[in-house]
Amino acid sequence: MVCHVRNRHRHAARIRGLVLSSRDLLVLAFCVAGILGAWLAYGVTGAGDHGASAAGEPAAIVLSGRLPDPLAPATVPAAEAADAASVATSDPVALPAVPAPAAPLAAGGSPGAPPAPSYPAAAAPRRIIYPAAGMDVVVHPLEPESVDAASHSIVPPETMDGYWLANLGMPGTGSVNTSYVIGHSWEGLDAPFNHLSSAAAAGDELTVATSTGAMTYRVDSVTTYTKATLKDSPIWAVVPNRLVLISCYTEDPWGKNVAVVASPVPGR
């Protein structure tokens, strides 16, 4: 029993050791008050200056807790997006109109005409080839008498060849008048000039060979005249580089003539 009592007294002494004295409580109260005061003072004055930079020191960079995704599309601030939208919807700037290239001017200041066709230099015709009329004839120069030339009543030599009136024009560049080639039609013979009456037609093409080159002509008209009206017909008008072929009309060789009028084909 005595032992048991002793043990109880020892246990009571241990419990009393855990009880704080009034002095200990007072010290603890002061400590708690000091901690609360320091925390309150830090919350009022320290929080506002926590992110501020000290004098002479660079401002701190505050990072969010999550790094941006480098592959995500960039975001534009609302103000910048509004400015971009206003620019996009504004009227576009008008560009000055580009004028079309002007036509080249001639020496007088007016728009230039197309370049003149290129022909061989003007020269006496030597041969006429007229496929549609079955005609391939040699041409000789003929200088008519002045009286005959004035009256347009010219009779060529009695051959099947052609004769160029040398007192008038010649084909080629520099021509000043129409080139006239005349020849006889023959009864009962297949003479070259006979075919002008039977086969020549507007639109046909023929070739005139000269000493400087060859020119292609296209038939404009085939006309029959009486011998009395031929001398005053339009075929005698001055037209440079035109070609006129004249022969007797085979249906009435003594009373009529046939005239084939042709113009040069540019570039040929």
Side-chain angles (χ1 to χ4, degrees), residues 116-130 133 135-186 191-197 200 202 204-250 252-266 268:
S118 177
Y119 300 124
R126 293 184 172 181
R127 184 181 179 187
I128 294 178
I129 303 171
Y130 188 168
M135 182 177 179
D136 186 348
V137 62
V138 175
V139 178
H140 309 282
L142 174 64
E143 191 74 42
E145 298 290 338
S146 58
V147 176
D148 295 338
S151 64
H152 298 149
S153 299
I154 304 167
V155 179
E158 293 185 359
T159 71
M160 292 187 184
D161 293 339
Y163 292 86
W164 163 64
L165 302 185
N167 63 313
L168 297 174
M170 62 180 63
T173 300
S175 172
V176 296
N177 201 348
T178 299
S179 300
Y180 296 89
V181 178
I182 63 176
H184 284 292
S185 293
W186 292 79
F193 280 89
N194 286 24
H195 302 165
L196 297 182
S197 300
D204 292 345
E205 291 189 357
L206 59 129
T207 302
V208 177
T210 71
S211 60
T212 60
M215 291 179 59
T216 300
Y217 283 81
R218 182 174 293 121
V219 175
D220 299 321
S221 63
V222 179
T223 308
T224 301
Y225 296 95
T226 65
K227 292 186 182 293
T229 58
L230 178 67
K231 62 181 180 179
D232 298 321
S233 69
I235 66 170
W236 300 107
V238 176
V239 181
N241 259 331
R242 185 179 59 166
L243 175 67
V244 174
L245 307 178
I246 304 173
S247 185
C248 295
Y249 183 55
T250 55
D252 185 5
W254 301 104
K256 295 181 180 179
N257 292 103
V258 60
V260 176
V261 179
S263 299
V265 178
R268 296 176 57 190

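Because the structure is predicted, anything quoted here is derived from the model rather than measured. We're numbering straight along the sequence, starting at 1. These values consider heavy atoms only, across backbone and side chains, with no hydrogens, waters or symmetry-generated copies.
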Side-chain ([X]) to main-chain ([Y]) donor-acceptor, under 3.5 angstrom:
| X | Y | value |
| --- | --- | --- |
| Tyr249 | Tyr225 | no |
| Arg127 | Thr207 | no |
| Thr250 | Ser197 | no |
| His184 | Pro156 | yes |
| Ser175 | Ala122 | no |
| Asn177 | Met170 | no |
| Ser221 | Thr223 | no |
| Thr173 | Tyr119 | yes |

To check you understand the geometry: which heavy-atom pair defines the closest contact between Gly169 and Trp164, and what is its length?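 Looking at all heavy atoms of both residues, the shortest contact is O-NE1, 2.8 Å.
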Set of side-chain hydrogen bond (donor to acceptor under 3.5 Å, both in side chains) partners for Ser185, sequence neighbours left out: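 Only Ser247 meet the side-chain hydrogen bond (donor to acceptor under 3.5 Å, both in side chains) criterion with Ser185.
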Residue list, side-chain hydrogen bond (donor to acceptor under 3.5 Å, both in side chains) with Asp204, at least two apart or on another chain: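 Tyr130.
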Checking side-chain contact (heavy atoms from CB on, under 4.5 Å) against Met135, which of Ile129, Leu206, Asn194, Leu196 comes through?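 When Ile129, Leu206, Asn194, Leu196 are each tested with Met135, the side-chain contact (heavy atoms from CB on, under 4.5 Å) holds only for Leu196.
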Audit row: Met215, Thr210, side-chain contact (heavy atoms from CB on, under 4.5 Å) steps and yes/no: CA-CA 8 Å; Met215 291 179 59; Thr210 71; over 6 Å; no
Please name all residues satisfying side-chain contact (heavy atoms from CB on, under 4.5 Å) with Pro253, sequence neighbours left out, ordered by chain then number.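 Pro253 satisfies side-chain contact (heavy atoms from CB on, under 4.5 Å) with Glu187, Cys248 only.
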Look at the aromatic rings of Tyr180 and Trp236 and report parallel, tilted or perpendicular, splitting at 30° and 60°.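 Tyr180 and Trp236: parallel rings.
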Would you sort out whether Asp220 and Ser263 count as a side chain to side chain donor-acceptor pair (under 3.5 Å), showing the intermediate values? CA-CA 7 Å; Asp220 299 321; Ser263 299; 2.5 Å; yes
